[in-house]
Amino acid sequence: MQKTRSLLISLMTLPVLFACTGGASSFETIPQGKIVNVPTEGLGDEIIVLLDEGATLPQGVEAQPLFNSVPGKETIEHKYGLDRWFVVSVPQGEDVTTFAEALENEDHVLSIEYMASFDRPFVHDKEFTPVASPVTKSENLEPVMMNDPLFKNQWFLFNNGDKNTFGPTTVAGADVDIRDAWALCAGDPSIVVAVVDEGVRYDHPDLAANMWVNKGEIPDNGIDDDNNGYVDDVHGYNFASNGQISWNLGGDEGHGTHVAGLVAAVNNNGIGISSVAGGSGNGDGVRIMSCQIFSGSQRNDNLAVARAIKYAADNGASVLQCSFGLGSYYSDKAFSESLSAVKAAYDYFRDPANANSGGVVDGNIVVISAGNSHNSKAEYPGAYRDFICVSATSQDGLPAWYTNYGTGVNIASPGGDNTLGLTMLSTLPGTNEYGYMHGTSMATPVMSGITALGISYAKQLGRHFTRDEFESLLLSSVNSLEPMLQGTKKTPSSTMDLTQFRGGKMGTGVIDAWKVLMNVEGVPFETVKVGSEARVDLKALFGDDAATLKFLSVNADAAKASLGIEGEPSIADGVLSVKCTKPGCAVIEIKAVAGGSALGTETEMGGKEFTRRMSIVARNNVSANGGWL
């Protein structure tokens with residue numbers, strides 16, 4: 001009680017000085033003591049305070065809890081100290097630094113954070129007028145084609161090497177193999193991706209049906225119907241201005257709506273674009289929750305980010321989609337200590353107690369962009385070791401000219417390159433409703449969508465994974481970049497040396513949706529080079545003595561169209577020989593005899609037939625190592 005009284009005295013007796021916030025735009029140096037960062041210019045009217053266990057703020061102090069508490073989640077909130085963070089208003093006319101330093105002397109004040117602004121890495125190209133009528137299926141777009149008319153402009157979903165459409169350096173197969181994956185799963189409406197970004201235009205004709213809906217809230221009645229602390233949060237909430245989701249204020253770029261479309265625009269509805277996990281046209285797409293942290297041209301802060309992350313965890317999101325940066329740091333420790341309230345919110349989101357995938361993954365997954373500065377290390381928070389950090393590739397299958405790479409980058413995904421032709425086509429909130437953007441901001445929602453698709457398929461199959469298992473599955477479901485990283489590539493202002501990306505500096509490789517689903521199934525896959533006869537050792541599939549087995553058949557009928565298989569696959573000495581003439585992926589079935597050289601019959605003793613399935617993924621560029629992943 002005495003400590004509370006002491007705090008009241010300190011707050012009420014600070015000297016009145018001219019307002020001054022100081023200035024620093026990054027947090028490379030962590031201040032010593034309880035003040036864990038430096039004030040960012042223009043954000044000096046509030047500070048964030050963490051109190052000791054059992055301490056309370058006294059009457060007369062203008063403060064509010066940083067996080068809204070949710071009934072039933074008190075234990076997990078307490079685990080990460082979310083019940084002890086407060087936003088304290090600096091009295092008008094007082095100096096924020098002097099005010100914070102006075103608080104630092106209080107024993108029960110454990111941490112003090114100044115407001116921190118963060119990056120809006122938005123890169124947009126040109127608007128695109130939507131096609132009025134859907135295109136029809138054509139032979140070169142088999143096996144799966146949505147009837148969305150702009151699908152043919154989305155090279156990152158299906159790249160057939162059309163240089164007239166996608167640009168002169170486009171490479172067939174420089175995509176995420178989504179069409180083949182759609183044949184197995186196109187999404188699940190119970191899986192929610194929280195788009196932490198600008199506001200999503202939730203009534204967009206290509207997004208509305210796949211928006212998350214808070215069923216406890218009555219739209220536009222000005223009442224917090226579900227008593228969660230947020231009024232009219234039907235499709236999410238605007239944490240930047242503490243109100244309704246917006247997307248058309250001065251300074252808005254349409255970034256959130258564009259990101260949302262890449263994740264889950266409604267597929268097969270005869271309008272607009274297709275998306276990674278937007279369903280098959282039967283209401284089966286994953287859902288988008290808009291957690292708005294950017295609004296118009298206003299400065300943005302760590303308050304909005306922290307609250308948005310907790311809201312996503314509390315309201316059913318299993319994937320957190322983050323295409324933004326929070327500054328430059330030199331280590332995970334520096335990031336965690338400088339923005340400890342944000343880090344606590346991320347930890348809360350990932351905790352197994354908040355798992356929102358319906359028993360599929362025992363923890364939620366955070367996917368974050370690496371940054372667009374062409375630096376040899378990722379920006380934070382993406383670089384933090386607990387998150388999946390995404391770099392960007394282009395329609396030529398190479399690193400995009402702007403992408404960050406190196407330390408902290410975990411995986412690559414298509415993000416587009418405006419020097420090559422078409423970039424990433426998606427939804428926009430303006431009158432044209434569709435347009436192009438490029439950046440790791442676009443690569444990240446493709447990765448988030450594939451993550452949600454993998455969770456959807458695991459649910460469909462009744463599979464369960466720990467979060468670490470599922471993240472490992474994602475990071476190993478990739479196509480190799482290494483064979484292509486030689487020579488140079490032209491950039492807007494120079495020539496880029498591709499060897500700088502070698503040695504895994506773009507992450508484990510480029511994400512492949514088909515391989516994700518194969519890993520979810522537990523079906524092994526082999527990546528083979530287009531145009532060359534591939535020899536696949538079947539030991540990993542049939543055991544070390546595969547060379548001694550009698551093989552009965554190789555059923556590749558379903559694979560012939562996808563892979564352009566030339567001739568008939570054959571097996572000799574436990575090695576499968578197959579030649580694919582075009583990029584694609586498919587499952588083949590191989591039958592063999594267990595016990596002898598012939599099957600048993602009614603009259604003759606013999607062996608037992610057994611069948612194994614494997615996936616062939618044909619690409620234009622394959623790592624020299626080959627082998628099972």
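Along the sequence shown, residues are numbered consecutively beginning with 1. Because only heavy atoms are used, hydrogens play no part in the values below, and waters and symmetry mates are left out as well, while side chains stay in. As the structure is a prediction and not an experimental result, all values here were calculated from the model.
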Using the side chain to side chain contact (heavy atoms under 4.5 Å, CB included) rule, take Q500 and Y405 through it: C-alpha gap first, then chi angles, then the decisive distance, then the call.
-> CA-CA 9 Å; Q500 68 187 301; Y405 61 99; 2.7 Å; yes

Please lay out, stage by stage, how E198 and S295 fare under the test side chain to side chain donor-acceptor pair (under 3.5 Å).
-> CA-CA 6 Å; E198 282 188 347; S295 185; over 6 Å; no

Could you walk me through whether N479 and K515 pass side chain to side chain contact (heavy atoms under 4.5 Å, CB included), step by step?
-> CA-CA 9 Å; N479 292 307; K515 290 184 176 180; 2.8 Å; yes

L474/I411 under side chain to side chain contact (heavy atoms under 4.5 Å, CB included): CA gap, chis, key distance, verdict | CA-CA 9 Å; L474 292 170; I411 198 167; 5.5 Å; no

Verdict with supporting geometry, D177 and R619, salt bridge (charged side-chain N to carboxylate O under 4.0 Å, His left out) | CA-CA 10 Å; D177 277 334; R619 311 295 292 185; 2.9 Å; yes

Step by step, work out the side chain to side chain donor-acceptor pair (under 3.5 Å) result for N159 and T170.
-> CA-CA 8 Å; N159 190 337; T170 194; 3.0 Å; yes

Go through I450 and I511 one step at a time and tell me if the side chain to side chain contact (heavy atoms under 4.5 Å, CB included) criterion holds.
-> CA-CA 8 Å; I450 292 173; I511 187 66; 3.8 Å; yes

Residues E566, K579; criterion salt bridge (charged side-chain N to carboxylate O under 4.0 Å, His left out); working and verdict = CA-CA 6 Å; E566 188 177 277; K579 184 175 181 179; 3.3 Å; yes

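With D197 contributing its side chain and V259 its backbone, the two residues share no donor-acceptor pair below 3.5 Å. In this structure, D148 contributes its side chain and N267 its backbone to no donor-acceptor pair below 3.5 Å. Checked by atom type and distance alone, the side chain of E482 pairs as donor or acceptor with a backbone atom of G504 at under 3.5 Å. Looking at N164, its side chain never comes within 3.5 Å of a backbone N or O of G167 through a donor-acceptor pair. When atom types are taken as modelled, the side chain of S577 and the backbone of R535 share no donor-acceptor pair closer than 3.5 angstrom. Under a 3.5 Å cut-off, the side chain of W155 and the backbone N or O of T423 do form a donor-acceptor pair. Distance alone, capped at 3.5 Å, places no donor-acceptor pair between the D537 side chain and the V575 backbone. Using a distance-only test at 3.5 Å, with no hydrogens or angles considered, a donor-acceptor pair links the side chain of Q486 to the main chain of P483. No donor-acceptor distance shorter than 3.5 angstrom exists from the side chain of Q154 to the backbone of F156, with no hydrogens or angles considered. A distance-only check finds a donor-acceptor pair linking the side chain of E113 to the backbone of A341 [under 3.5 Å].
The distance from atom CZ of F525 to atom CE of M518, rounded to the nearest 0.5 Å, is 9.0 Å. For the atom pair CG of D180 and CG of L563, the computed distance is 8.0 Å after rounding to the nearest 0.5 Å. Atoms CG and CG, from L538 and L576 in turn, are 5.5 Å apart once rounded to the nearest 0.5 Å. Once rounded to the nearest 0.5 Å, the distance linking CG of D512 with CG of L517 reads 9.0 Å. Rounded to the nearest 0.5 Å, atoms CE (M437) and CG (N418) are 13.0 Å apart. In this structure, D468 CG and I365 CD1 are separated by 9.5 Å, a value rounded to the nearest 0.5 Å.
Heavy-atom neighbours of R502 CZ from other residues, nucleotides or ligands within 6.0 Å: above the threshold of 12. A 6.0 Å sphere centred on NZ of K163 holds more than 12 heavy atoms belonging to other residues, nucleotides or ligands.
Judged by distance alone, the side chains of Q321 and S448 do bring a donor and an acceptor atom under 3.5 Å apart. T466 and D362 share no side-chain donor-acceptor pair at under 3.5 Å. Looking only at atom types and distance, the side chain of H255 has a donor-acceptor partner in the side chain of S441 under 3.5 Å away. Side-chain polar atoms of N160 and K582 form no donor-acceptor pair below 3.5 angstrom. A side-chain N or O of D206 and one of Y434 form a donor-acceptor pair less than 3.5 Å apart. Under the 3.5 Å distance criterion, with hydrogens and angles disregarded, no donor-acceptor pair is assigned to the side chains of E526 and S615. Side-chain N/O atoms of N372 and T440 include a donor and acceptor closer than 3.5 Å. Side chain to side chain, S394 and K489 meet the donor-acceptor criterion of an N or O pair below 3.5 Å. In this structure, a donor-acceptor pair under 3.5 Å is present between the side chains of N519 and S477.
Between Y436 and H258, the gap from one ring centroid to the other reaches at least 6.0 Å.
The nearest pair of heavy atoms linking A458 to V360 is CB-CG1, 3.3 Å. The minimum heavy-atom distance linking G487 with D497 is given by the pair O-OD1, 3.6 Å. The heavy-atom pair separating V38 from Y114 by the smallest distance is C-CD1, 3.6 Å. Closest approach of C585 and S562 over heavy atoms only: O-CB, 3.7 Å. Nearest heavy atoms, A181 versus L453: CB-CD2, 4.3 Å. Across all non-hydrogen atoms, the minimal contact from V446 to P414 is CG2-O, 4.1 Å.
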Show every donor-acceptor pair shorter than 3.5 Å between a side-chain atom in residues 381-390 and any protein atom, with sequence neighbours excluded, or say none if there are none.
{"unit_1": "Y384", "atom_1": "OH", "unit_2": "K343", "atom_2": "NZ", "d": "3.3"}
{"unit_1": "R385", "atom_1": "NH1", "unit_2": "D332", "atom_2": "OD2", "d": "2.9"}

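L498 is not listed as a side-chain neighbour of T488, based on a closest heavy-atom distance of 4.5 Å or more. Counting heavy atoms from C-beta outward, F166 and L420 have side chains that stay 4.5 Å or more apart. Proximity of T393 to S413: side-chain heavy atoms (C-beta onward) are nowhere separated by under 4.5 Å. Taking 4.5 Å as the limit, some side-chain heavy atom of T427 sits within range of a side-chain heavy atom of I273. The side-chain heavy atoms of E471 and N410, taken from C-beta on, include no pair separated by under 4.5 Å. The shortest distance between side-chain heavy atoms of K505 and S376 does not fall below 4.5 Å. Under the 4.5 Å side-chain criterion, counting only non-hydrogen atoms from C-beta, T419 is not in contact with K490. Taking the side chain as every heavy atom from C-beta outward, V366 and N364 never approach each other to under 4.5 Å.
Taking S373 as the reference, N375, E379, N404 meet the side chain to side chain contact (heavy atoms under 4.5 Å, CB included) condition, with sequence neighbours excluded.
The aromatic rings of W182 and F151 are tilted relative to each other, their planes meeting at an angle between 30° and 60°. Y329 and F335 have perpendicular rings, their planes meeting at more than 60° on a 0 to 90° scale where under 30° would count as parallel.
Taking the centre and axis of the six-membered ring of F239, the NZ or CZ atom of R307 falls outside the cone set by 45° and 6.0 Å.
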